[in-house]
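Reading through the structure tokens given below for one structure.
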Amino acid sequence: MHSAVEPHVFLKLVADTTVSPATLTATWTNREGRRIFEVRRTAAEMGHPTHC
């Protein structure tokens with residue numbers, strides 16, 4: 001869990017299905033462009049089966 005008192009923070013989500021396992025990256029950035037947090041998870045870590 002991350003926490004910061006920071007106004008004007010934006011979230012960018014990137015899903016990459018070109019890699020195996022697929023990944024989801026969440027990046028929180030302030031309005032000056034400074035990265036506050038970044039979290040990367042695989043599909044398996046989020047409970048999605050690795051085979052379809």
Side-chain angles (χ1 to χ4, degrees):
M1 184 64 66
H2 297 286
S3 177
V5 178
E6 179 91 28
H8 310 291
V9 173
F10 305 92
L11 172 63
K12 177 182 176 182
L13 291 174
V14 176
D16 187 352
T17 59
T18 65
V19 296
S20 184
T23 61
L24 179 66
T25 303
T27 306
W28 288 262
T29 307
N30 69 10
R31 69 178 169 186
E32 286 81 34
R34 184 172 63 91
R35 185 175 59 209
I36 306 298
F37 301 118
E38 184 170 276
V39 177
R40 178 172 290 135
R41 297 289 183 263
T42 65
E45 290 172 325
M46 294 185 289
H48 192 279
T50 56
H51 61 282
C52 292

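Everything quoted here is computed from the prediction, not taken from an experiment.
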Handout entry: R34 versus E6, closest heavy-atom pair with distance
Key = NH2-OE1, 3.4 Å
Problem - Which atom of T17 lies closest to which atom of A22, heavy atoms considered - result: CA-CB, 4.1 Å
Problem - Partner residues of T29 under the side-chain contact (heavy atoms from CB on, under 4.5 Å) criterion, sequence neighbours left out - result: T27
Problem - Which atom of R41 lies closest to which atom of E45, heavy atoms considered - result: CA-OE1, 3.1 Å
Practice task
Measure across V39 and W28 and return the closest heavy-atom pair with its distance rounded to 0.1 Å.
Solution key: CG2-CZ3, 3.9 Å
Handout entry: Common cluster, L13/V9, ILVMFWY with side-chain heavy-atom separation under 4.5 Å
Key = yes
